[in-house]
Amino acid sequence: MEMLKRNTVIEQIKKAASEAQTYLTKIRRELHQYPELGVDLPVTHEIISRELKKIPGLDVYEHKAGGFGIIALMRGEKPEGKTVLLRADIDGLPIEEKVDCEYKSKNTGCMHACGHDGHAAWLIGAAKILSRLRSEWGGCIKFVFQPGEEVGKGADVLIDEDKVLEDPAVDMAFAAHGWPSVESGRIGIARRYAFGCVGSFRVKVIGRKGHASWPEQTIDPIAAAGEIYQHIPAILARKIGGTASKVMSVTYMQAGDPKVRNIIPTVCEFGGTMRAVKTETLEIMGRELRKEAEAVCGVYGASCEVDVQVHGGAVENAPHLLEGVRRAAAQILGQEQAYIIEEDNLGGENFAEYSAKVPSVYMFIGIKPEGETEVLGLHSPKYRFDDGVLAKAAGVFAALGYFGCMGELDK
């Protein structure tokens, strides 16, 4: 009897999701036209809030996260249930859109090049679906629309000041990203780390300026910086034990004046990003980089300044929720359409602030249309979102809300 009822609810979710497809496409495209940056998202806030207020049974709390975040609460009508948090990030990027379409960005120099417009739309869709099914579940679902993800903000204020994980206390949290390497209609779930810890580094080498014809009279900071750069692979391979994923990438190197070809400059600076699954690993990487830089500069007679920052933790998926999430997604998409990804992903996401405090799972929702061999990656000025996944993603989030509240994801 219970299985029959559960199957009926799943069919209702799928039907409601399918019926919402046109609506969700319209909302996603409206959001796409008005991308805003960081935590200052007045138009985005207005659009999302407007749509949430149309949903029966949803209490909408505006101007959270220091200004333009939204928390919306829905309570089921059954007497008991858990509390589930469903989160979407909603900010855009400082990128000029390079694709012409009828819903192209109207904000010069800004674009939803990471699909956050889609994330907001499918979470609105999940709220609409769950509103129709309130008699079938108990507990509370918190729909969280977070600004500032791209700049590492929003989550901290929602947690520390808005108390989003409290009253009622959140039992589990879920989020997802539209993912260009996953086929549309499928969902991949990292077994361990959906995102890594994020750090950055900067190395400034100070030498002695002089004429390039007499290099022996100078201390060449470019040569020293180049040697430090070449030592980075050895830091990762020889100085840090274990097989856990880690990377240190130099993303810029600057020295001299390109208009002056006969002067060795005083300073060469380079820097970049570093990622790992543990913050302790980032700290070791930074410490070893400093030691290498000082040693090399000692040989050259140069000096150096090394700045290392650890910005955020990893998004670690909760093992006891993993199979329940995969099973719930499969009931919406099909058994072969939800799968586990064994490799760790070292991108960065401040959903880590939620996952560090409550059991969480982060998913990768495919946006690569059928027949496409290659889709441009995130943060590309030609990035495109596949609107065809919106209803299915909304259905998956609705299923997670339902099964989570009913205590069936961690069985």
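Within 6.0 Å of the NZ atom in Lys26, the count of heavy atoms belonging to other residues, nucleotides or ligands does not exceed 12. The environment of Tyr229 atom OH is sparse: at most 12 non-hydrogen atoms of other residues, nucleotides or ligands sit within 6.0 angstrom. Environment of CD in Glu77: crowded, with over 12 heavy atoms of neighbouring residues, nucleotides or ligands closer than 6.0 Å. No more than 12 heavy atoms of other residues, nucleotides or ligands sit less than 6.0 Å from atom CD of Glu336. Shown here is Lys357, whose NZ atom has more than 12 heavy atoms of other residues, nucleotides or ligands within 6.0 Å. No more than 12 heavy atoms of other residues, nucleotides or ligands shown are found within 6.0 angstrom of NZ on Lys15. The neighbour count for Lys64 NZ, taken as heavy atoms of other residues, nucleotides or ligands under 6.0 Å away, is above 12.
Between Ser131 and Leu58 there is no side-chain heavy-atom pair separated by less than 4.5 Å. Here the side chains of Met274 and Val308 are in contact, with some heavy-atom distance below 4.5 Å. His119 places none of its side-chain heavy atoms less than 4.5 Å from the side chain of Gln146. Two residues are said to be in side-chain contact when any heavy atoms from C-beta on lie closer than 4.5 Å; Asp40 and Pro147 fail this criterion. Val170 is not listed as a side-chain neighbour of Tyr354, based on a closest heavy-atom distance of 4.5 Å or more. In this structure, Ile228 and Tyr300 have side chains that are not in contact, with every pair of non-hydrogen atoms separated by 4.5 Å or more. Counting only heavy atoms from C-beta outward, the side chains of Lys278 and Tyr193 approach each other to under 4.5 Å. Side-chain contact between Asn345 and Glu343: absent, with no pair of heavy atoms (C-beta onward) separated by less than 4.5 Å.
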Test log, rule side chain to side chain contact (heavy atoms under 4.5 Å, CB included), inputs Tyr34 and Lys106: CA-CA 6 Å; Tyr34 302 101; Lys106 296 181 183 296; 3.6 Å; yes

Worked check of salt bridge (charged side-chain N to carboxylate O under 4.0 Å, His left out) between Asp387 and Arg29: CA-CA 9 Å; Asp387 286 322; Arg29 293 183 177 187; 2.8 Å; yes

Tyr402 and Glu408: CA distance, side-chain angles, deciding distance, side chain to side chain donor-acceptor pair (under 3.5 Å) verdict: CA-CA 9 Å; Tyr402 169 75; Glu408 297 188 23; 5.1 Å; no

Phe68 vs Asp91, side chain to side chain contact (heavy atoms under 4.5 Å, CB included): CA-CA, chis, key distance, verdict: CA-CA 10 Å; Phe68 296 105; Asp91 52 324; over 6 Å; no

Evaluation steps, side chain to side chain donor-acceptor pair (under 3.5 Å), between His320 and Asp410: CA-CA 6 Å; His320 71 285; Asp410 51 1; 4.9 Å; no

Test log, rule side chain to side chain contact (heavy atoms under 4.5 Å, CB included), inputs Val299 and Glu227: CA-CA 11 Å; Val299 171; Glu227 189 164 334; 6.0 Å; no

Ile187 vs Val182, side chain to side chain contact (heavy atoms under 4.5 Å, CB included): CA-CA, chis, key distance, verdict: CA-CA 7 Å; Ile187 287 182; Val182 177; over 6 Å; no

Salt bridge (charged side-chain N to carboxylate O under 4.0 Å, His left out) assessment of Glu97 paired with Arg384: CA-CA 10 Å; Glu97 188 165 9; Arg384 308 309 301 153; 2.8 Å; yes

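Here the shortest heavy-atom pairing between Ala394 and Leu24 reads CB-CD1, 3.9 Å. Among all heavy-atom pairs drawn from Cys140 and Cys405, the shortest one is O-SG, 3.6 Å. The minimum heavy-atom distance between Ala293 and Val306, with the atom names listed, is CB-CG2, 3.9 Å. Taking every heavy atom of both residues into account, Gly312 and Thr279 meet most closely at O-CG2, 4.5 Å. In plain terms, the two heavy atoms of Glu19 and Arg132 that are nearest each other are OE1-NH1, 3.1 Å. Contact between Gly401 and Val84 at its shortest, heavy atoms only, is O-CG2, 4.2 Å.
In terms of the ring pair (Phe, Tyr, Trp, His ring centres under 6.0 Å) criterion, Phe174 has no residue partners (sequence neighbours excluded).
Looking only at distances, a side-chain donor or acceptor of Lys142 sits under 3.5 Å from a matching main-chain atom of Pro168. In this structure, Arg87 contributes its side chain and Ala175 its backbone to no donor-acceptor pair below 3.5 Å. Judged by distance alone, with hydrogens and angles left aside, the side-chain atoms of Arg290 form no donor-acceptor pair with the main-chain N or O of Val203 at under 3.5 Å. The main-chain N or O of Gly199 is found under 3.5 Å from a side-chain atom of Thr273 such that the two form a donor-acceptor pair. Under the 3.5 Å distance criterion, the side-chain polar atoms of Glu288 are left unmatched by any main-chain donor or acceptor of Ile235. Judged purely by atom type and a 3.5 angstrom limit, Ser184 uses its side chain to pair as donor or acceptor with the backbone of Lys368. One N or O on the side chain of His45 and one on the backbone of His63 form a donor-acceptor pair closer than 3.5 Å. The backbone N or O of Gln21 lies less than 3.5 Å from a partner atom in the side chain of Thr25, making a donor-acceptor pair. Between the side chain of Glu349 and the main chain of Phe351, a donor-acceptor pair closer than 3.5 Å is present. In this structure, the side chain of Asn107 engages the main chain of Pro35 through a donor-acceptor pair within 3.5 Å.
Taking CD1 of Ile13 as the start and CD of Glu11 as the end, the distance is 10.0 Å to the nearest 0.5 Å. To the nearest 0.5 Å, atoms CG (Leu52) and CG (Asp59) are separated by 11.5 Å. Going from atom CD1 of Ile367 over to atom CD of Glu183 covers 12.0 Å, rounded to the nearest 0.5 Å. How far CE of Met285 is from NZ of Lys239: 14.5 Å, rounded to the nearest 0.5 Å. Distance check: Glu96 CD to Cys110 SG gives 8.5 Å after rounding to the nearest 0.5 Å. To the nearest 0.5 Å, the span separating CD1 on Ile71 from OH on Tyr61 amounts to 9.5 Å.
Counting only residues at least two apart or on different chains, no salt bridge (charged side-chain N to carboxylate O under 4.0 Å, His left out) pair has a member in residues 162-176.
The aromatic rings of Tyr362 and His177 are tilted relative to each other, their planes meeting at an angle between 30° and 60°. Note on ring orientation: taking the six-membered ring where Trp is involved, the planes of Phe270 and Phe201 are perpendicular (angle over 60°, cut-offs 30° and 60°). Ring geometry for Trp122 against Phe397 counts as parallel: the plane angle stays under 30°, on a 0 to 90° scale with 60° as the upper cut. Using cut-offs of 30° and 60° on the angle between ring planes, the pair His32 and His112 is tilted.
Shown are Ile189, Leu321, Leu409; of these, the side-chain contact (heavy atoms from CB on, under 4.5 Å) with Arg326 is made only by Ile189.
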